[in-house]
Amino acid sequence: MTLAWTLAGATATGKSAAAQLLAERLGIAILSADAMLVYRGMDVGTAKPSAAERARVTYFGVDLVTPDQPFSTGAWLREAARAAAHAGAAASSGAAPALLTVGGTGLYFKALTRGLDSEVADPARRAHWQARFEAEGVEALRDALAALDPHALATLSDPSNPRRLIRAIEQLESRRRLPQSWKQPGPDAPLTVLRLPREQLHRRIRARVESMFAQGLVEEIRSLRRRYPVWSASAAQAIGYAEGCALLNGALSQAEAFERIVIRTRQLAKRQETWFRHQTQAVWIDTDERDPPGRTAERILNAWRQHGATPLPL
RNA sequence: GGCGAGGUAGCUCAGUUGGUAGAGCAGCGGACUGAAAAUCCGCGUGUCGCCGGUUCGAUCCCGGCCCUUGCCA
């Protein structure tokens, strides 16, 4: 079974820079666990690794689809399997891991180690129920779910969440069963998670959004829209891109778009920390923005050595 | 300077026919098996601009002052 090092963290904690440094030093590949890095052409707003960085390290999980194509956790897992195969071939038998999984999408880490059921989603059915929800509200979804299975509602952790109701309906209709629990039993493998003090994180987020505008976020969106007039739902809501489109449509001023991006990024970072805090076996690495990168990398290495690499059941 | 309008939560504002106040946003906390940068849930004490007056009781009524803003000069 392939082994991988892991490095997670909220957005703007510096995990990508640390990962690049470590992958170069160890001569291993990187698997990005980031739901937005998969979109080709969405570079500035996702803080995608540069061409120079990608020339020095083999990356998986980056530029997998165009912004008009749908994507899913299952599709990402197939890419993860490719990465594992590559790393398995690179590692001389029984040697150290040849792969570093890095990112901020908690669900991807969980799917990677705990596994998903193999069946995929049914996008047409999903669209149908989404339209129904928009027209008639959550109650209609609850009623529909109860009609399919009177006990189903009680199994949901979040019965007023339309996403989950739709998912449950879709699963019942297409394969007559509810979304199951994780394929592999717990507990989760330890996950190395980078963390910055909240105030420092907020400062870095603001600075990062400023630099995205300076690096041409708006121009990137303008040209992407020429090539792909209609984006998939998840690409269209990406932080920075949704607001950039609103700016180009005249719905937001530049200042409003900027502020909105900063706010949504902060909210994302908070949700990411909550996920890592409660949904994983986090090994926290608390850093300070003044820490030299080499020292942070050293601490990550120590954590890895102490807790061991993560087996990938792919 | 004159005449209006307004000063209430970090922000935008509502409200109390006098019994010390509540929405949205932000923030904080939480959930989460396939769209996850998504989606959903929970958390509201704040000199009600300041100083007096009336009143059992004032954020609300009265007077003065300060500040913001519009029009006129």
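Naming convention: chains lettered A, B, ... in sequence-line order (proteins, then strands); numbering from 1 in each chain.
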Any side-chain donor paired with an acceptor under 3.5 Å for A:Gln237 and A:Trp231?
-> no
Sugar-phosphate only, base, or nothing, as touched by A:Thr46 at under 4.0 Å among non-hydrogen atoms = base
Scan A:Glu273 against the nucleic acid and name what it touches under 4.0 Å (heavy atoms): base, sugar-phosphate only, or nothing.
-> nothing
A:Ala189 backbone acceptor or donor facing A:Gln281 side chain under 3.5 Å = no
Tell me, with the steps shown, if A:Glu259 and A:Arg206 meet salt bridge (Lys or Arg N to Asp or Glu O under 4.0 Å).
-> CA-CA 9 Å; A:Glu259 209 51 42; A:Arg206 183 165 282 274; 2.7 Å; yes
Pairs satisfying ring pair (Phe, Tyr, Trp, His ring centres under 6.0 Å), at least one member in residues 289-314 of chain A, at least two apart = A:Trp5-A:Trp304
Spacing of A:Gln272 atom CD relative to B:C32 atom P, expressed in whole Å | 17 Å
How far, in whole Å, is B:C65 from B:A9 if one measures between their P atoms?
-> 25 Å
Sequence neighbours excluded - side-chain hydrogen bond (donor to acceptor under 3.5 Å, both in side chains) pairs with any residue from residues 240-250 of chain A = A:Glu220-A:Tyr241, A:Arg225-A:Asn249, A:Glu243-A:Arg264
Pairs satisfying side-chain hydrogen bond (donor to acceptor under 3.5 Å, both in side chains), at least one member in residues 106-116 of chain A, at least two apart | A:Arg114-A:Asp188
Among the nucleotides B:A36, B:G34, B:A35, whichever has the atom closest to the side chain of A:Trp275 is B:A36
Dot-bracket for RNA chain B: what is it, with Watson-Crick or G-U pairs under 3.5 Å, [ ] where a pair crosses earlier ones, and | for a pair to another strand?
-> (((((((..((((.....[..)))).(((((.......))))).....(((((..]....)))))))))))).
Within residues 148-166 of chain A or reaching into it, pairs that qualify as salt bridge (charged side-chain N to carboxylate O under 4.0 Å, His left out) - sequence neighbours excluded | A:Asp158-A:Arg164
Considering all heavy atoms of both residues, which atom of A:Leu252 and which atom of A:Ala257 are nearest to each other, and what is their separation?
-> CD1-CA, 3.8 Å
Give one of base, sugar-phosphate or nothing for A:Gln267, where a contact means two heavy atoms less than 4.0 Å apart.
-> sugar-phosphate
A:Thr192 and A:Ala303 have their tightest heavy-atom pair at CG2-CB, 4.3 Å
In whole angstrom, give me the gap between the P atoms of B:U20 and B:A37.
-> 47 Å
Is the shortest side-chain N/O distance from A:Arg277 to OP1 or OP2 of B:G30 below 4.0 Å?
-> yes
Interatomic distance at P, B:C28 relative to B:A38, whole Å = 15 Å
Polar pair under 3.5 Å, donor/acceptor by atom type, side chain A:Lys270, base B:G27 = no
May I ask you to evaluate whether A:Thr105 reaches the phosphate of B:A36, defined as a side-chain N or O under 4.0 Å from OP1 or OP2?
-> no
Give every residue pair that meets the salt bridge (charged side-chain N to carboxylate O under 4.0 Å, His left out) criterion with at least one member in residues 266-282 of chain A, sequence neighbours excluded.
-> A:Arg198-A:Glu273
Look at the side-chain N and O atoms of A:Gln279 and state whether any lies under 4.0 Å from the OP1 or OP2 oxygen of B:C32.
-> yes
For A:Tyr241, answer base if it contacts any base atom (sugar-phosphate contacts may also be present), sugar-phosphate if it contacts only those atoms, and nothing otherwise; contact means non-hydrogen atoms under 4.0 Å.
-> nothing
Would you list the pairs meeting salt bridge (charged side-chain N to carboxylate O under 4.0 Å, His left out) in which at least one residue belongs to residues 298-314 of chain A, sequence neighbours left out?
-> A:Arg25-A:Glu298
B:G1 to B:U17 separation - C1' atoms, rounded to the nearest Å = 37 Å
Rounded to the nearest angstrom, tell me the gap between atom CZ in A:Phe109 and atom P in B:G34.
-> 18 Å
When the C1' atoms of B:G10 and B:C3 are considered, how many whole Å apart are they?
-> 34 Å
If you measure from the C1' atom in B:U12 to the same atom in B:A58, how many Å do you get, rounded?
-> 26 Å
Of the candidate nucleotides B:C32, B:G29, B:A35, which contains the atom at the shortest distance from the side chain of A:Arg126?
-> B:A35
Stretch residues 190-218 of chain A: residues that reach within less than 4.0 Å of RNA chain B through a heavy atom | A:Arg198, A:His202
Looking only at heavy atoms, which two atoms of A:Ala309 and A:Pro97 are closest? And how far apart?
-> CB-CG, 3.4 Å
In whole angstroms, how far is the P atom of B:C25 from the CZ atom of A:Arg266?
-> 15 Å
Protein and nucleotides 39-42 of chain B: nitrogen or oxygen contacts under 3.5 angstrom:
unit_1	atom_1	unit_2	atom_2	d
B:U39	O2'	A:Asn161	OD1	2.1
B:U39	O2'	A:Asn161	ND2	3.4
B:U39	O2	A:Asn161	ND2	2.6
B:C40	O4'	A:Asn161	ND2	3.4
B:C40	O2'	A:Asp158	OD1	3.2
B:C40	O2'	A:Ser160	OG	3.4

Phosphate contact (B:A31 OP1 or OP2) by A:His278 side-chain N/O below 4.0 Å | yes
Partner set under side chain to side chain contact (heavy atoms under 4.5 Å, CB included) for A:Arg227, not counting sequence neighbours | none
Can any side-chain N or O of A:Thr105 pair as donor or acceptor with the backbone N or O of A:Ala35 at less than 3.5 Å?
-> yes
Which pairs, with at least one residue in residues 62-74 of chain A and sequence neighbours excluded, count as a salt bridge (charged side-chain N to carboxylate O under 4.0 Å, His left out)?
-> A:Lys48-A:Asp63, A:Arg54-A:Asp63
Taking only heavy atoms on the protein side, list every residue of residues 33-45 of chain A lying under 4.0 Å from any atom of RNA chain B, sorted numerically.
-> A:Asp34, A:Ala35, A:Met36, A:Gly45
B:U68 versus B:U55 - spacing of their P atoms, nearest Å | 35 Å
So what does A:Leu107 hit on the nucleic acid, given a heavy-atom distance under 4.0 Å: a base, only sugar-phosphate, or nothing?
-> base
